[in-house]
Amino acid sequence: MISVRHLSKKFGENVVLDDVSFDIEKGDVIAIIGPSGTGKSTLLRCLDLLEHPEEGSLSFDEENYDLPKLDKKGTRSLTRRTAMVFQSFNLFERKTALQNVMEALLLVQKKDKEKAREIAVARLTEVGLADKLDYYPKHLSGGQQQRVAIARALALQPELIYMDEPTSALDPELVNEVLDTIKLIAKQGNTLLLVSHEMQFVKNVATKVIFLEGGKIIEKGTTEQIFEDPKNERTKQFLARNNIHPGPEYTI
Ligand code: ADP
Ligand code: MG
């Protein structure tokens, strides 16, 4: 079990996350939904220590990480348990797909070259890129680049994978191949915390949903609960704006 507790983050006077707490169980696919500017990216970035929250902890089973107080060793320990897939892929432009996936296996996990290559080829094959191993990012489509980034995250065997709107930088015709890849890795039992505005995808793939607004969790529950029977007026409004209309006529 992974727990987030009392996560709070300000930018100057702007309170962006206000005492956010929730649990993640192994194999959960948790979608964070909510209006733009509401703190979704900041939430993932705080958990991944790309931002520094004023308060908050993340625990993996018995191991608790007090985020504002982590030293170098704690930071390293925590970031090795997680991986992030960014909106804009963040691949190394001067490395091939294979080298991008091998990089952290060699540098962070200190795998030997042969083993790193073996893992990287396997993960790239899984995401459908076996024939693109030696391609540089600029010769890959956005969808292919994002699949390399997903393979890179998977290769590290993280206990938790963060994804921040992984399809929002893509041309519409490339969105589905990436959503299919995410669906595949969800089915494999990976634990995902993802920010998405693809409501149909969230409905189909997420096990739980968190509705965040103004830096606060307004409502959380199973996907079915949130989509079919939202309790909070703001959740209802948000879903309606996104063409999700709960009610008797609504079927999955
Ligand atoms: P979302 O991902 O839900 O659209 P963000 O987490 O990106 O929202 O942003 C939440 C709020 O925090 C916004 O008001 C945004 O302007 C502010 N914010 C985000 N990053 C920074 C930053 N580095 N410095 C100052 N303000 C920021
Ligand atoms: Mg965002």
Side-chain angles (χ1 to χ4, degrees), residues 2 4-22 24 28-58 67-68 70 75 78-79 82-91 142-143 145-146 149-150 153 160-172 174-175 178-179 181-182 186 192-203 205-206 208-221 223 226-227 230 232-244:
I2 304 170
V4 174
R5 289 287 175 271
H6 305 302
L7 189 60
S8 293
K9 170 72 185 165
K10 287 190 219 169
F11 287 111
E13 291 302 298
N14 186 11
V15 179
V16 174
L17 294 174
D18 187 4
D19 198 23
V20 169
S21 298
F22 60 96
I24 306 168
D28 267 347
V29 177
I30 301 191
I32 303 168
I33 63 171
S36 174
T38 223
K40 303 181 299 297
S41 295
T42 305
L43 170 54
L44 295 190
R45 292 174 58 80
C46 284
L47 296 178
D48 207 32
L49 303 173
L50 298 168
E51 298 288 356
H52 297 283
E54 281 77 44
E55 235 183 284
S57 68
L58 176 57
L67 298 174
L70 286 180
T75 301
L78 175 56
T79 52
T82 65
M84 172 84 96
V85 174
F86 296 92
Q87 203 170 335
S88 50
F89 330 132
N90 290 20
L91 298 177
Q145 290 184 56
Q146 191 60 301
I150 291 170
L160 176 60
I161 302 176
Y162 306 119
M163 296 191 175
D164 189 2
E165 304 215 20
T167 61
S168 62
L170 300 174
D171 292 334
L174 302 177
V175 166
V178 172
L179 293 181
T181 303
I182 298 171
L192 307 181
L193 182 59
L194 71 103
V195 172
S196 182
H197 61 274
E198 300 275 354
M199 288 302 140
Q200 290 304 324
F201 174 72
V202 167
K203 195 181 89 181
V205 176
K208 294 177 186 161
V209 172
I210 291 173
F211 176 60
L212 195 73
E213 196 179 65
K216 281 192 171 69
I217 294 183
I218 303 295
E219 190 165 353
K220 61 187 168 191
T223 306
I226 299 291
F227 279 72
N232 191 288
E233 221 30 65
R234 277 141 78 184
T235 316
K236 288 180 195 172
Q237 286 165 10
F238 176 81
L239 291 172
R241 279 200 304 278
N242 285 277
N243 292 319
I244 301 285

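Numbering of ligands and ligand atoms starts at 1, following listing order. Residues: numbered from 1 along the sequence shown.
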Are the side chain of [X] and the backbone N or O of [Y] linked by a donor-acceptor pair below 3.5 Å?
{"X": "Glu219", "Y": "Asn232", "answer": "yes"}
{"X": "Thr38", "Y": "Gly214", "answer": "yes"}
{"X": "Thr223", "Y": "Lys203", "answer": "no"}
{"X": "Gln146", "Y": "Phe86", "answer": "yes"}

Quick one: nearest non-hydrogen protein atom to [atom], plus distance?
{"atom": "atom 25 (C) of ligand 1", "value": "Phe11 CG, 3.4 Å"}
{"atom": "atom 4 (O) of ligand 1", "value": "Gly37 N, 2.7 Å"}
{"atom": "atom 7 (O) of ligand 1", "value": "Ser41 CB, 3.7 Å"}
{"atom": "atom 12 (O) of ligand 1", "value": "Val16 CG2, 3.2 Å"}

Taking non-hydrogen atoms only, is Thr42 closer than 4.0 angstrom to ligand 1 via side chain, backbone, both or neither?
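Both backbone and side chain.
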Calculate, to the nearest 0.5 Å, the distance between atoms CG and CG belonging to Leu179 and Leu174 respectively.
11.0 Å
Quick one: CG on Leu47 to OG1 on Thr79, what's the gap to the nearest 0.5 Å?
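The OG1 atom of Thr79 is 12.5 Å from CG of Leu47, to the nearest 0.5 Å.
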Exercise: do Ser168 and Gln87 side chains pair donor with acceptor under 3.5 Å
yes
Would you check whether Gly39 has a nitrogen or oxygen atom less than 3.5 angstrom from a nitrogen or oxygen atom of ligand 1?
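Indeed, backbone or side chain, Gly39 has an N or O that close.
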Can you name the atoms of ligand 1, numbered from 1 with element, that are less than 4.0 Å from a heavy atom of Asn14?
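Atoms satisfying the 4.0 Å criterion: 14 (O).
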Of the backbone and side-chain N, O or S atoms of Ser41, does one lie nearer to the Mg ion (ligand 2) than 2.8 Å?
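Of the N, O and S atoms in Ser41, at least one lies under 2.8 Å from the Mg ion (ligand 2), which means yes.
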Verify atom 19 (C) of ligand 1: protein non-hydrogen atom under 4.0 angstrom away:
yes
Distance below 4.0 Å between atom 16 (O) of ligand 1 and any protein heavy atom?
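It does not: no protein heavy atom is found less than 4.0 Å away from atom 16 (O) of ligand 1.
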